[in-house]
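In what follows, a structure is listed as structure tokens, so that the remarks can point back to it.
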Amino acid sequence: MPKKKPRWCGPRYNQRPLTEVKKNTIMNFKCVSDLSSFLQQQYPAVSFPAAWQVVGDKCPGNMSGDLTINCFRFARLFRQAPDAMAREVAAFLAGHDDVETAEAVKAFVNITLRPGAVHRDTVADPNRILGATIVPAARRRRILIEYSAPNTNKPQHLGHVRNNTLGMSLAALLQRVGHEVIPINLVNDRGIHICKSMIAYQRFGEGETPASSGIKGDHLVGKYYVRFNTELKRQLDALTQARPELADRSDEDLFLETELGAATQKMLQDWEAGVPVVRELWQLMNSWVFAGFAQTYARMGVKFAHTYLESETYLLGKDNILDGLARGVFSRRDDGAIIADLGKLGQKVVLRSDGTSVYITQDIGTTIRKYNDYHPDTQIWVVGDEQIHHFKMLFEILRRMGFSWADNLYHLAYGMVNLPSGKMKSREGTVVDADDLFAEMAALARAATLERCGDEIPADLDERAEIIGMGALKFMLLKFNPKTTMMFDPQASLKFEGDTGPYVQYAGARINSIAAKAAEKGLVISDDVNWELLAAPEEKALSIMASFYPATLAEAAEKMDCSVLVGYLLDLAKAFNRFYRECPVLSAEDDALRQARMQLCFRIRDLLTDGLNTLTIGVPAAM
RNA sequence: GCCCGGGUAGCUCAGUGGAUAGAGCAGAAGUUUCCUAAACUUUUGGUCGGAGGUUCAAUUCCUCUCCCGGGUACCA
């Protein structure tokens, strides 16, 4: 359906809301808001949209100026030619107290601000940026976010690490902007795949335990999962050799034909029947896995308000389906299966003809359970993009069942992680193990730290290496837009240069070092700062970059995309490193300048720290 | 077949209806008597998959088309 355009609007400029909050958008400079007021006074006949404001952008590097006003954006509103609009804007700004020069170039006005005005409107008041309200009270929500959702048959790998990182950082981000966030996990602790490790352990385990073997619990169980698959392969090969007519049938098709497969199936039935031996083994092995996961989570900093177990929720949903059937939401097919006819999304079986659940049955039940437990305004699932269709159907079904909250369900779909060698495949052993990866990152960070610290080995070496290694890993995973199918190159990822977490951490560490040196020299830090002194282009650029922080948080939260924040922190760190290079702080020419630069540094450090913490990344005291 | 992503520098990825499309890595050349060189500076490198259309302006929006990935289960 074609959108109707407002008549005065004609062509498409100006259809974008003028108040839109975007990264690299400045709205808090006095001269810009004065410009807005001025224009409204000059053109009383114009009907302005609510909360209309001129927005400034950062001036591109190839132009001279601090800020730029793009007059294409609003020239139409005033029925003016863009260039003429620019000249009018430039004339006003040129006469403004805060402005050194304002130059109209085509439809743009490039503004060079007085240094004092730049800093006054940005970093001078420490609360102005960090304390900015991101989401107004009226729009704050109670948000339930489910992520991680591991299976208890094997240890976590890089794919889980991406999920965990995305989930915990999104939770932290949403909380940072003012929402109430409840992070939860739903562990898949039952089912045929769990029985696979159990069967293999029963047959080949010989009583091995994490304690006796020294193997972390989840890895130990994973070892038997692998063992199961090799054993199954052996049986499948034997089967097709003995009965060549089966050769063209798939492995899954032949699963129950094998002795091992049949035994696994039997074990699942025994589990459901509550056979004590099976339940005990299940309890035991799951307890090993949970202990292992707890370590992995602790190392990443993952925390949940609650962990749901599928063994406790897998029977949910059936009653809801039957209820929906009675109310005409679903229908019964000739073969007895209960289906939902979802139109464009297709037909979906929601209860099998034998009355048992399918995946979506459980999800319906669990979603309702989660709603009843927490009454959130919004539920978010961090789940891979191969389940996009599943979630669309789930949401549509809940909508049809009449749940008013079903419009506020959101699937954060993220792409797979590939390796240079191709896809990660558990069966082919090409997965990158989470714990190994953490250890490797920390070891590299440790080596790099040792290399640069000389003879003085820091007392907190291991802790520092952990913060840097984990920071590098998380940052790398968050740098990509969640939906991109990303490539993880182990070699390249283990570097700490360029667009990396350590680059940002390093900027913070440099400021820490300045603070430490200042204390050593007994310098008094004064709050009484003459910001006019910070007139270097690097100083102005740094403050202007700092001012984007609230808008960046807003955009990241709105899009539920931490990569927006990652990109910003890289820009901010880069602006700081340029400043650091050009503007000596402790050895500044005089005390007034030194004080001003120190204060600027501390404001930037606060932002870097807050930003990294919002990504669940720490900042080491020194690097 | 149908549905959903994606195709931008050698590689990995940003980005946008507006000024000369960016970053990191890789390649080339520099910077340390001075607060940390995990840094900084300069430089090489692009028909933004292809073709039409809308627009004053398209890499960005629309249509068609070609390639890649995923989905399309009484699997999870």
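Reminder, nothing fancy here: chain letters follow the sequence lines and each chain counts from 1.
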Using Watson-Crick or G-U wobble geometry with both distances below 3.5 Å, tell me the partner of [N], or none.
{"N": "B:rU12", "result": "B:rA23"}
{"N": "B:rG5", "result": "B:rC68"}
{"N": "B:rA28", "result": "B:rU42"}
{"N": "B:rC34", "result": "none"}
{"N": "B:rA73", "result": "none"}
{"N": "B:rG17", "result": "none"}
{"N": "B:rC61", "result": "B:rG53"}

Rounded [atom1] spacing from [N] to [M] in Å:
{"N": "B:rA51", "M": "B:rC66", "atom1": "P", "value": "15 Å"}
{"N": "B:rG46", "M": "B:rA14", "atom1": "C1'", "value": "15 Å"}
{"N": "B:rG22", "M": "B:rC64", "atom1": "P", "value": "32 Å"}
{"N": "B:rC61", "M": "B:rG27", "atom1": "P", "value": "36 Å"}
{"N": "B:rA57", "M": "B:rG10", "atom1": "P", "value": "30 Å"}
{"N": "B:rG7", "M": "B:rU47", "atom1": "C1'", "value": "15 Å"}
{"N": "B:rA23", "M": "B:rU63", "atom1": "C1'", "value": "33 Å"}
{"N": "B:rA76", "M": "B:rC13", "atom1": "P", "value": "32 Å"}

Does the distance from a Lys or Arg side-chain N to an Asp or Glu carboxylate O, for [X] and [Y], drop under 4.0 Å?
{"X": "A:Arg333", "Y": "A:Asp341", "value": "no"}
{"X": "A:Lys574", "Y": "A:Asp571", "value": "no"}
{"X": "A:Lys348", "Y": "A:Glu396", "value": "no"}
{"X": "A:Glu538", "Y": "A:Arg578", "value": "no"}

Could you tell me whether [X] contacts a base, only the sugar-phosphate backbone, or nothing, with contacts defined as non-hydrogen atoms closer than 4.0 Å?
{"X": "A:Asn188", "value": "sugar-phosphate"}
{"X": "A:Arg333", "value": "base"}
{"X": "A:Phe496", "value": "base"}
{"X": "A:Ile468", "value": "base"}
{"X": "A:Gln387", "value": "base"}

Would you check, one step at a time, whether the test side chain to side chain contact (heavy atoms under 4.5 Å, CB included) holds for A:Val417 with A:Thr485? CA-CA 6 Å; A:Val417 183; A:Thr485 302; over 6 Å; no
Whole-Å distance separating the [atom1] atom of [X] from the [atom2] atom of [N]:
{"X": "A:Phe488", "N": "B:rC13", "atom1": "CZ", "atom2": "P", "value": "12 Å"}
{"X": "A:Glu538", "N": "B:rC40", "atom1": "CD", "atom2": "P", "value": "12 Å"}
{"X": "A:Ile194", "N": "B:rA76", "atom1": "CD1", "atom2": "P", "value": "13 Å"}
{"X": "A:Asn70", "N": "B:rG17", "atom1": "CG", "atom2": "C1'", "value": "10 Å"}
{"X": "A:Met63", "N": "B:rU20", "atom1": "CE", "atom2": "P", "value": "7 Å"}
{"X": "A:Gln347", "N": "B:rC3", "atom1": "CD", "atom2": "C1'", "value": "17 Å"}
{"X": "A:Gln505", "N": "B:rA39", "atom1": "CD", "atom2": "P", "value": "12 Å"}
{"X": "A:Asn418", "N": "B:rC68", "atom1": "CG", "atom2": "C1'", "value": "11 Å"}

Select one nucleotide: of B:rA19, B:rC40, B:rG71, the one nearest the side-chain heavy atoms of A:His389. B:rG71
Check the orientation of [X] and [Y]. Use parallel for under 30°, tilted for 30 to 60°, and perpendicular for over 60°.
{"X": "A:Tyr314", "Y": "A:Trp271", "value": "tilted"}
{"X": "A:Phe391", "Y": "A:Trp381", "value": "tilted"}
{"X": "A:Phe255", "Y": "A:Phe228", "value": "tilted"}

Return a table of donor-acceptor pairs under 3.5 angstrom between the side chains of residues 582-589 of chain A and protein atoms on other chains or two or more places apart.
none

Can you pull the salt bridge (charged side-chain N to carboxylate O under 4.0 Å, His left out) pairs that have at least one residue in residues 457-469 of chain A, sequence neighbours excluded? A:Arg299-A:Glu466, A:Arg446-A:Asp462, A:Asp460-A:Arg464
Atom pairs, protein N/O to nucleotides 4-7 of chain B N/O, distance under 3.5 Å:
| residue | atom | partner | partner atom | Å |
| --- | --- | --- | --- | --- |
| B:rG6 | OP1 | A:Lys483 | NZ | 2.9 |

Any ring-ring contact (aromatic ring centres under 6.0 Å, His included) pairs touching residues 577-603 of chain A, not counting sequence neighbours? A:Phe576-A:Phe579, A:Phe576-A:Tyr580
Okay, side chain of A:Ser357, backbone of A:Gln362: is any donor-acceptor separation there less than 3.5 Å? no
Within the side chain of A:Glu539, is there an N or O that forms a donor-acceptor pair under 3.5 Å with the backbone of A:Ala536? yes
Would you mind telling me which residue lines up with the more 5' stretch of RNA chain B, A:Asp354 or A:Cys59, judged by nearest nucleotide? A:Cys59
So do the side chains of A:Cys71 and A:Val109 get within less than 4.5 Å of each other, counting heavy atoms only? yes
For a quick test of reading the model, state the closest non-hydrogen atom pair linking A:Ser197 to A:Asn153 and the distance between them. OG-CB, 3.4 Å
Please tell me if A:Tyr503 has a side-chain N or O lying less than 4.0 Å from either OP1 or OP2 of B:rC40. yes
Nucleotide N/O of nucleotides 22-27 of chain B paired with protein N/O under 3.5 Å:
| residue | atom | partner | partner atom | Å |
| --- | --- | --- | --- | --- |
| B:rA23 | O3' | A:Lys574 | NZ | 3.2 |
| B:rA23 | O2' | A:Asp499 | OD1 | 3.4 |
| B:rA23 | O2' | A:Asp499 | OD2 | 3.0 |
| B:rG24 | O4' | A:Asp499 | OD2 | 3.1 |
| B:rG24 | O2' | A:Asp499 | N | 3.4 |

Kindly give the atom pairs (protein nitrogen or oxygen, nucleotide nitrogen or oxygen) under 3.5 Å for nucleotides 33-37 of chain B.
| residue | atom | partner | partner atom | Å |
| --- | --- | --- | --- | --- |
| B:rC35 | O3' | A:Lys517 | NZ | 3.3 |
| B:rC35 | O2 | A:Val585 | N | 3.1 |
| B:rC35 | O2 | A:Leu586 | N | 2.8 |
| B:rC35 | N3 | A:Val585 | N | 3.0 |
| B:rC35 | N4 | A:Tyr580 | O | 2.1 |
| B:rC35 | N4 | A:Cys583 | O | 3.4 |
| B:rU36 | OP1 | A:Ser513 | OG | 2.4 |
| B:rU36 | OP2 | A:Lys517 | NZ | 2.8 |
| B:rU36 | O2' | A:Tyr506 | OH | 2.1 |
| B:rU36 | O2' | A:Arg510 | NE | 3.3 |
| B:rU36 | O2 | A:Arg452 | NH1 | 3.0 |
| B:rU36 | N3 | A:Met623 | O | 2.9 |
| B:rU36 | O4 | A:Ala509 | O | 3.4 |
| B:rU36 | O4 | A:Met623 | N | 3.0 |
| B:rA37 | OP2 | A:Arg510 | NH2 | 2.6 |

Measure distances between side-chain N and O atoms of A:Ser563 and base N and O atoms of B:rA14, and say whether any donor-acceptor pair falls under 3.5 Å. no
